[in-house]
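See below for the structure under consideration.
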Amino acid sequence: MKTSPTSIKIRQIITQLKETQLVPRPHFQRRLVWTSADKIRFVDTVLRGYPFPEIYVANGPVNVDTGEGQQLLVDGQQRVTTLAAYFNGDPSTFGTDLTPYAELEKGEKEEFLNYDVAVRDLGSVSEAEVIEVFKRMNSTNYALNEIEVNNAVFAGALMRLASTLSIHEFFENHRIFRPSDIKRMGDVKFVLLVIITMMEGYFNRDDLLERKLAEYNERFFEGDAIKERLEKAFEYLDECGFSPKSRIWKRSDIFTALVQVDLAICHRLISDPIDAVRRVDEFFDQVDREDQAPRSEAAAIYSKASLQASNDRINRLRRGVIFEAVVSGSDPDDALRIEGLI
């Protein structure tokens, strides 16, 4: 496949968009969500005359009777639509430090409109080939997993908070994440799941992940409060002084512990750390028992809920109810029955 490098001025792009000669979102494009800050930084780049990566286009459908046709934007959707939005006065593309297009000096407007955008024209290629090109330009030497795609799509407020908290010394000190987890953003996903559960309660697998990332992409007003709540949960669990070999540091168990400790602190029902660690250790001894000695129904259920379909809502809820009962000193078997979880 041969590609033809060229350039096009921003004013031409704006005209082509208005006249639907350039289609900015063919169905194969990945949905991208830039925040206002992202858009402002990009427009500032253009206004200062700095370059940005080339965009890719391909020939679209042509009306052979009228000679009218379209070009498909294969890569560069967010850049192109942001430029048009700034020209049209969309407030998401300017802020206190960036002058709106309408208020630019005449010479500044001309410079913006005559800015040369690097374009690589793929020419007349089949839709299958266009899709393949797009996929290859948006991939690496391994397939992106769900959280890596979400990070590329929703790089806003909630994602930034989770990324910041994922490198908290609490996780490092207790070796919660393996190097492979960190490499593929498993640590960030874990923190996201904790945060969303703190806000929404237990949910099934990753069902709310993308929805909440989109909802809190632009702003996350609760961010400071969530960070403070997690800090208190970290402090409490550190004060408990669990052994480094305790199963509480396993992924599903620390997930449950963080959510339930936060809930107890919020409701002012938190137990003395010394009593809590004693009860939890005794319970975990039952959960981890490998001999044939009898163990409580709750211990058996907790063990199963940690191993089989551990991310299903019902099993997250079971572990949460049991952990809450154990820490508070009540009977976990009774707690499960009351909640209808046996």
Side-chain angles (χ1 to χ4, degrees), residues 32-35 37-38 140 142-240 242 244-266 306 310-313 315-316 319-320 323:
L32 299 177
V33 181
W34 274 7
T35 65
D38 295 328
T140 60
Y142 57 86
L144 296 179
N145 62 31
E146 182 183 10
I147 189 62
E148 289 169 322
V149 172
N150 278 325
N151 182 56
V153 175
F154 303 110
L158 178 54
M159 182 65 81
R160 287 196 298 271
L161 175 63
S163 297
T164 299
L165 287 170
S166 71
I167 59 174
H168 193 282
E169 61 181 4
F170 175 85
F171 295 116
E172 182 177 353
N173 291 343
H174 300 296
R175 299 181 179 181
I176 305 300
F177 306 120
R178 300 183 298 269
S180 58
D181 298 323
I182 297 171
K183 182 178 180 180
R184 301 304 304 272
M185 295 187 67
D187 54 340
V188 177
K189 179 179 179 180
F190 176 87
V191 175
L192 278 170
L193 291 172
V194 171
I195 290 173
I196 297 170
T197 304
M198 288 167 60
M199 294 164 44
E200 302 290 332
Y202 290 110
F203 56 94
N204 197 50
R205 297 182 178 273
D206 304 338
D207 284 357
L208 294 182
L209 200 62
E210 184 172 330
R211 190 193 317 170
K212 291 302 173 181
L213 282 170
E215 181 178 347
Y216 297 115
N217 189 56
E218 190 70 37
R219 294 181 182 86
F220 185 38
F221 294 115
E222 298 94 332
D224 289 341
I226 288 290
K227 184 176 184 294
E228 183 178 351
R229 285 166 58 185
L230 267 176
E231 291 277 5
K232 290 180 179 179
F234 294 157
E235 290 173 8
Y236 177 83
L237 289 169
D238 277 336
E239 190 176 352
C240 286
F242 287 99
K245 296 182 179 181
S246 172
R247 70 167 293 143
I248 200 167
W249 307 122
K250 292 183 179 180
R251 193 78 58 82
S252 61
D253 300 285
I254 193 60
F255 174 86
T256 300
L258 286 170
V259 172
Q260 294 303 141
V261 166
D262 168 68
L263 191 62
I265 293 174
C266 288
S306 300
S310 60
N311 293 330
D312 286 356
R313 178 182 179 276
N315 285 329
R316 285 173 171 168
R319 295 198 310 270
F323 190 88

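What you see is a predicted model; the values in this text were computed from it and never measured.
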- [ ] Apply side-chain contact (heavy atoms from CB on, under 4.5 Å) to S166 and M185, showing your working.
- [x] CA-CA 9 Å; S166 71; M185 295 187 67; over 6 Å; no
Open item on the list: Between D38 and T35, is the side-chain hydrogen bond (donor to acceptor under 3.5 Å, both in side chains) condition met? List the steps.
Closed with: CA-CA 5 Å; D38 295 328; T35 65; 3.0 Å; yes
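A distance-only check finds no donor-acceptor pair linking the side chain of D238 to the backbone of E235 [under 3.5 Å]. Checking side-chain atoms of R316 against main-chain N and O of S252 turns up no donor-acceptor pair under 3.5 Å.
Below 30°, between 30° and 60°, or above 60°: for F242 and W249 the angle between ring planes is above 60°, a perpendicular geometry. Taking the six-membered ring where tryptophan is involved, the planes of Y202 and F255 are tilted, since the angle between them lies from 30° to 60°.
The minimum heavy-atom distance linking R319 with S306 is given by the pair CD-OG, 3.3 Å. Closest heavy-atom contact between H168 and E231: NE2-OE1, 3.1 Å. Of all heavy-atom pairs between E218 and W34, the closest is OE1-O, 4.4 Å.
When the shell of 6.0 Å around CD of E172 is examined, it contains 12 or fewer heavy atoms from other residues, nucleotides or ligands. For R219, the CZ atom counts as loosely surrounded, since its 6.0 Å shell holds 12 or fewer non-hydrogen atoms of other residues, nucleotides or ligands.
Taking CZ from F170 and CD1 from I254, the interatomic distance works out to 4.0 Å, rounded to the nearest 0.5 Å.
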